[in-house]
Protein chains: 2
Amino acid sequence: MANIKDIAMMAGVSVTTVSRVINNHPYVSAEKKEAVRRAIKIVNYQRNINAVHLSTGKTFLIGVVVPFSNHPYFGLLVEGIANEALQNNYKLVLFQTNYEENREIEALTMLKHKQIDALIICSRICGWDIIDDYASYGPIILCEDTRGTNVSSTFIDHYKSFSKALEYLYNKGHQKIGYSLGRRTGTNSEKRETAYRDFLVKFNHPFDSNYIFYECFNFEDGEWVVQHLKNMRNPPSALLVSSDQVAAGILTCCKKQNISIPNELALMGFDNQPIAKIMNITTLEIPLVEVGRKLFLQAIDNTTISQEEIAVKLIERLTV
Amino acid sequence: MANIKDIAMMAGVSVTTVSRVINNHPYVSAEKKEAVRRAIKIVNYQRNINAVHLSTGKTFLIGVVVPFSNHPYFGLLVEGIANEALQNNYKLVLFQTNYEENREIEALTMLKHKQIDALIICSRICGWDIIDDYASYGPIILCEDTRGTNVSSTFIDHYKSFSKALEYLYNKGHQKIGYSLGRRTGTNSEKRETAYRDFLVKFNHPFDSNYIFYECFNFEDGEWVVQHLKNMRNPPSALLVSSDQVAAGILTCCKKQNISIPNELALMGFDNQPIAKIMNITTLEIPLVEVGRKLFLQAIDNTTISQEEIAVKLIERLTV
DNA sequence: TTAAATTATGGAACGCGTTTCAGAGCAAGA
DNA sequence: TCTTGCTCTGAAACGCGTTCCATAATTTAA
């Protein structure tokens, strides 16, 4: 394979000039530019990107950390990131953590080693101290409320949106409201729990831990939720489900068990995934593709630190 | 940041020795090894991976081409690949093509530039001639039957599995069988169509192009299929649906429209995704995670070319 | 006309780890 | 005693593009 030196030789110029032509720098005469272009074409020259990376310290690679790659929530998020990456000539390095902390650290280590230019963490596991540590090596972008820190993020105010949803259900006459979440920990889950507790306090309702369902990620997780509900003496009359997939699973199971929706149980999903539309699930729309887009743009902007809030929209359908 | 030279200086050895220690090469005395380790620890030395890449010509990056990243089929496939990548200390570069050929070419170009060590194409768009061209630059692994070529693959024999499914439906008394596919072209779609046509010939049934539904990828695509079926004078009595997602969508819509499954319409899905289990959809199980695993292992083995067939399993449930 | 600015070009340093090769020292076998 | 054959070590070459800096040749502005 030919290298830049060969091209320089062939074109009768210096390697500097070749480099300038390749990178569209000014101050190259038309003839030399032409000569270089010809030489490049003749031997079908391809620069050694690893050499470029070594030289520039940049890789045009952005790391993306997700817990699962087969979940529609992250699927859409990654889709948004990927679309924008395409536009900007960046490539993505995917890290699937299965919520294991050391997987996330591996990704952070790659940032430290400058194997990637920036890291987008779609769902953070490791502590703030660690993020803070690694933030000095390159941009880290999060998908959670980071206001008050020096880390960029695009986020949904889950306190606000959860409160909004709860009030909506309350206004529809529901007093006994339960909710389901993915993992128990994490900023977003915590904000939601706070919103829930504040809501209970506000309306003077007792807290019942049985009304909270954790580890609900997928369609199939709806099954055990319904099973659980059926065995409860005093089940909730409405459920705030933090994923349309799970809501769809619950809805499907309820139909099977002849539990009438929304009469016996009201359901409210999150995300407004296509499945929510098809199954007429009332939900809070989160423009995930848009969120992904913004996350990416923050990732490649290593001068500014910004926190962008994304608004959610209540979509009324037939499950409440 | 310290480099290998600094470490060598600190430890009072040559860079070669430092390199040997880092890479666990033999023939380094215990004392020098120790001295190097100490120096590395003191300054928290991290090798410049870009330099390693330039030097070795390897990147420990594997490209993965998928049309969509938010589809459960590819989600599971990527999950399998990602899991195995983790085990082997490789990272993935994700290419989302949206079925645009030049996106795929970009991925192939990265292989050519040695920015990635190998490329796994989960759903190929571009022609064989192009694949052949780029195969000389590094391993390309496909997820379709490549027997008779010099390209590795892990694949499902879709002719066989489709035939199997058709016969199963036939034996259940179905004479009018339709099917739905994702995209119209592609090896897998073609093999399925061949199987379908051969089946019709075998049982002397006429071919009706209205029995074929293309562009069915997601849950929501089930809606228009059902709409279509309702408007048909002579609708099929069974549908072979090449994705559980679509089958679930069809099932859901049929329930809404009071079309009885399997009495009025039998449904058979593909993949055996969790949703198929929950919704009791009869399906052909494809062990996608396992397929992903094998694809990855083929990708990092650049000595052997192999074509691995994966068997599918018929899972009988309640939609046939 | 002179000073300042712009355009053009190339040499050489820089980023940095891996690996080949040559050689020294020492032990085991003939 | 001599020959192999390890073990250990380091100099130097290699992979290769980018960019700083110096220089020369023109223009433009004053």
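The chains referred to below are lettered A, B, ... by the order of the sequence lines, with proteins before strands, and numbering in each begins at 1.
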* For residues B:Thr17 and B:Ser14, is any side-chain donor paired with an opposing acceptor at under 3.5 Å? -> yes
* To do: Could you tell me whether A:Asp117 and A:Lys91 make a salt bridge, using a distance below 4.0 angstrom between a side-chain N and a carboxylate O?
  => no
* Asked: Distance under 6.0 Å and angle within 45° of the ring axis: does A:Lys294 meet both against A:Phe296?
  -> no
* For B:Ser153 and B:Arg147, test the side chains for any donor-to-acceptor distance below 3.5 angstrom and give the result as yes or no. => no
* Asked: Using a distance-only test with no angle check, is there a side-chain donor-acceptor pair under 3.5 angstrom linking A:Asn44 and A:Gln46?
  -> yes
* Starting at CZ of A:Phe60 and ending at P of D:dG17, how long is that distance when rounded to a whole Å? -> 16 Å
* To do: Would you check, one step at a time, whether the test side chain to side chain contact (heavy atoms under 4.5 Å, CB included) holds for A:Thr59 with B:Asn50?
  => CA-CA 9 Å; A:Thr59 61; B:Asn50 287 139; 3.9 Å; yes
* Asked: Which of residues 37-55 of chain A sit near DNA chain D, with a heavy atom under 4.0 Å from it?
  -> A:Tyr45, A:Arg47, A:Asn48, A:Ala51, A:Val52, A:Ser55
* Note down the inter-axis angle between the two ends of the helix from C:dT1-D:dA30 to C:dA30-D:dT1, five pairs each, to the nearest 10°. => 30°
* A:Asn3 CG - D:dT18 C1' separation (whole Å) -> 14 Å
* Spacing of CD1 belonging to B:Ile49 relative to NZ belonging to A:Lys112, to within rounding of 0.5 Å -> 11.5 Å
* To do: Please lay out, stage by stage, how B:Ser55 and A:Leu54 fare under the test side chain to side chain contact (heavy atoms under 4.5 Å, CB included).
  => CA-CA 10 Å; B:Ser55 207; A:Leu54 173 61; over 6 Å; no
* To do: Within residues 24-33 of chain A, find the residues that approach DNA chain C with a heavy atom at under 4.0 Å, and present them sorted by residue number.
  => A:Tyr27, A:Val28, A:Ser29, A:Lys32
* To do: Decide yes or no on side chain to side chain contact (heavy atoms under 4.5 Å, CB included) for B:Phe155 and B:Gln307, but give the supporting numbers first.
  => CA-CA 8 Å; B:Phe155 66 96; B:Gln307 282 98 25; 4.0 Å; yes
* **B:Arg103 with B:Glu106: basic N within carboxylate O range, under 4.0 Å** => yes
* Asked: Got a sec? Which of residues 11-22 of chain A come in under 4.0 Å of DNA chain D, heavy atoms?
  -> A:Thr16, A:Ser19
* To do: Please determine, by modelled atom types, if A:Ser69 and A:Gln96 share a side-chain donor-acceptor pair under 3.5 angstrom.
  => yes
* Length of the line joining B:Met9:CE and D:dA11:C1', which is rounded to integer Å -> 15 Å
* Asked: Between CG of A:Asn188 and CG of A:Leu142, what distance do you get to the nearest 0.5 Å?
  -> 10.0 Å
* **N-O pairing of A:Glu144 and A:Arg124 below 4.0 Å** => yes
* **A:Phe68: partners by ring-ring contact (aromatic ring centres under 6.0 Å, His included), with sequence neighbours left out** => A:Tyr99, A:Phe217
* **Range on DNA chain C touched by chain B - first to last nucleotide, heavy-atom distance under 4.0 Å** => C:dC16 to C:dT20
* Asked: If you measure only the distance, is there a donor-acceptor pair under 3.5 Å linking the side chains of B:Thr154 and B:Arg293?
  -> no
* **B:Lys5 NZ - D:dG10 P separation (whole Å)** => 15 Å
